[in-house]
*Asks:* 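Quick one: structure below, then a few questions.
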Number of protein chains: 2
Amino acid sequence: MAGLPSDPNLRPKIAVDAVVLSFSGREFQTYLVQPRDISATGKWACPGGLVKVSETLDDAARRELSAAGLAADTYLEQLFTFGNPSRDPGAHVVSVAYLTLLASQRQSSTPAEKYTRGSWFGVAALPELAYDHSMMVRLGLARVQAKLGYTNIARNLLPHSFSFSDLESLYSCSLGRPLDRRNFRRRIMAMGILRRVPALRRGNHRPAQLYRFLKRTPQTVQIL
Amino acid sequence: MAGLPSDPNLRPKIAVDAVVLSFSGREFQTYLVQPRDISATGKWACPGGLVKVSETLDDAARRELSAAGLAADTYLEQLFTFGNPSRDPGAHVVSVAYLTLLASQRQSSTPAEKYTRGSWFGVAALPELAYDHSMMVRLGLARVQAKLGYTNIARNLLPHSFSFSDLESLYSCSLGRPLDRRNFRRRIMAMGILRRVPALRRGNHRPAQLYRFLKRTPQTVQIL
DNA sequence: CCAAAAGTGTTGGCTCTACACCCATGA
DNA sequence: TCATGGGTGTAGAGCCAACACTTTTGG
């Protein structure tokens with residue numbers, strides 16, 4: 001097969017893009033940036049860029065997260081690799097999409113020079129996205145929603161300690177329907193993946209008992 | 001942040017590799033080839049090769065399946081993208097691993113010149129594999145086993161029509177434990193994903209009623 | 001007639017869901 | 001004292017797992 005001269009310029013380039021998700025307490029949000037080189041289009045994009053030689057894909061993803069002004073020590077998971085030759089009009093760029101989860105919106109620094117700005121958007125009302133990034137965000141969201149059902153991935157979307165109501169809002173938002181508080185609590189408790197922390201959250205109302213996840217490593221358990 | 005000259009030669013190359021699985025009736029098997037360029041090592045590998053510019057990843061995978069002497073009109077699903085710089089000692093090659101399922105061992109033609117030979121192996125006793133292909137096969141197998149539990153993916157591992165016992169062997173082999181025939185049949189039947197075909201399979205013993213999957217498209221249903 | 005695979009129901013235990021009221025706090 | 005979110009138990013229904021014998025065929 002193939003007889004074309006193997007000019008390296010004729011190979012597809014390879015990039016990583018990160019779908020950055022967090023949960024605000026009321027909705028899922030995603031962090032988007034405006035790349036300087038396409039800022040004329042007004043489109044937003046997921047943080048991302050080309051992979052360097054001798055660099056791990058994960059490393060590339062973390063490097064791009066830093067460049068976007070985000071913490072890089074986050075949960076990171078490969079989502080899907082997009083290779084449609086026409087996904088980037090400029091050149092054939094194969095992109096490995098990553099999913100990353102942030103507990104709070106702890107946006108550390110300001111984005112690097114390659115971006116004009118960055119901002120959080122509710123996933124229900126996204127702006128127009130460049131390339132196939134809209135598909136990536138949808139896929140990332142679907143993955144999180146699925147994994148909430150059978151893993152302890154929630155720990156990456158919540159602060160270190162949280163109330164049962166926090167956890168319930170997350171699940172209820174993910175499922176798009178209300179949950180029965182008693183049944184939800186019983187079920188989660190029965191799994192033994194949470195630990196009471198000796199603290200209450202005080203607010204305008206009755207204080208809430210706080211919990212944290214027992215294991216900080218990814219764990220598969222049937223939750224829903 | 002990189003300041004290296006962006007010499008295209010310094011970009012990782014991109015390849016696809018296909019984990020080819022089938023079910024013999026007693027065990028899962030995978031199809032491996034011996035690439036001519038590493039035949040001295042005696043190692044086997046999954047069919048695969050570099051992606052061409054302006055080619056879809058799926059197209060590349062199907063092209064490589066053909067080159068390995070397999071039918072290309074098979075179930076194909078992206079598995080994972082392996083990008084460790086040291087996975088190929090020769091150069092930094094990022095590989096998009098695919099999973100493909102074959103109903104019977106319908107190996108059509110003989111492999112292209114790039115391979116010295118191809119052969120099926122039971123997954124329990126694999127030869128030594130090149131690169132990180134052993135990990136790929138394990139991952140592919142795990143994916144199939146998981147998906148048997150919540151999709152109709154079994155249709156891609158069985159012939160067009162099959163007996164209930166065939167289906168049961170597949171599941172029982174996938175789970176690594178015997179299944180209760182009555183419970184299994186009731187459960188599958190209740191889902192309405194099968195259709196009786198007006199034919200029996202005759203053999204040395206009592207003839208078996210044959211069935212086929214109602215939908216030929218991928219479908220998510222809770223099976224186990 | 002024998003060996004081997006195909007086919008078929010019932011029951012008890014367990015899990016899941018539905019459901020409503022009181023409590024603690026700050027304002 | 002009121003508004004707001006936090007916390008708690010039970011009962012009925014449905015689901016699931018365990019379990020063994022008869023049938024059909026070819027040799």
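To find a chain, count down the sequence lines: A is the first, B the second, and so on, and within it residues start at 1. Worth knowing before you read on, the calculation uses all heavy atoms, side chains too, and leaves out hydrogens, waters and symmetry mates.
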*Asks:* Are A:Phe162 and A:Phe213 an aromatic pair, judged by ring center distance below 6.0 Å?
*Replies:* yes
*Asks:* Once you round to the nearest 0.5 Å, how far does CZ of B:Phe82 lie from OG1 of A:Thr81?
*Replies:* 10.5 Å
*Asks:* Could you pick out which residue, A:Leu210 or B:Asp180, lies toward the 5' side of DNA chain D when each is mapped onto its nearest nucleotide?
*Replies:* A:Leu210
*Asks:* Let me know, please, whether B:Asp166 or A:Arg181 comes out on the 5' side of the other along DNA chain C by nearest nucleotide.
*Replies:* B:Asp166
*Asks:* Short of 4.0 Å, heavy atom to strand atom, which residues of residues 193-208 of chain A count as contacting DNA chain D?
*Replies:* A:His205, A:Arg206, A:Pro207, A:Ala208
*Asks:* Go through the side-chain N and O atoms of A:Thr100 and A:Thr74 and say whether any donor and acceptor fall under 3.5 Å apart.
*Replies:* yes
*Asks:* Of the candidate nucleotides C:dC19, C:dT17, C:dG9, which contains the atom at the shortest distance from the side chain of A:Arg182?
*Replies:* C:dC19
*Asks:* Taking any atom under 4.0 angstrom from a heavy atom of chain A, which nucleotides of DNA chain D are the first and last to qualify, 5' to 3'?
*Replies:* D:dT4 to D:dT10
*Asks:* According to the salt bridge (Lys or Arg N to Asp or Glu O under 4.0 Å) rule, which pairs have a member within residues 148-167 of chain B, sequence neighbours left out?
*Replies:* B:Asp166-B:Arg201
*Asks:* Would you call the rings of A:Phe184 and A:Tyr171 parallel, tilted or perpendicular if under 30° counts as parallel and over 60° as perpendicular?
*Replies:* tilted
*Asks:* Quick one: do A:Ser163 and A:Gln209 satisfy side-chain contact (heavy atoms from CB on, under 4.5 Å)? Show the steps, please.
*Replies:* CA-CA 6 Å; A:Ser163 72; A:Gln209 176 64 52; over 6 Å; no
*Asks:* Heavy atoms only, 4.0 Å cut-off, all strands: where does B:Arg187 land among base, sugar-phosphate and nothing?
*Replies:* sugar-phosphate
*Asks:* Take the protein atom CE of B:Met189 and the nucleotide atom C1' of C:dG7, then report the distance between them rounded to whole Å.
*Replies:* 11 Å
*Asks:* Please check if the number of heavy atoms outside A:Arg36 that lie under 6.0 Å from its CZ is greater than 12.
*Replies:* yes
*Asks:* Just by distance, with hydrogens left out, do B:Thr220 and B:Thr151 show a side-chain donor and acceptor under 3.5 Å apart?
*Replies:* no
*Asks:* Would you mind reading off the distance between A:Asn183 atom CG and C:dC14 atom P, rounded to a whole angstrom?
*Replies:* 19 Å
*Asks:* Are more than 12 heavy atoms from other residues, nucleotides or ligands located less than 6.0 Å from atom CZ of B:Arg195?
*Replies:* no
*Asks:* Distance check needed: C:dA6 C1' versus B:Tyr211 OH, whole Å only.
*Replies:* 10 Å
*Asks:* Does OP1 or OP2 of C:dA6 have a side-chain N or O of B:Ser165 closer than 4.0 Å?
*Replies:* yes
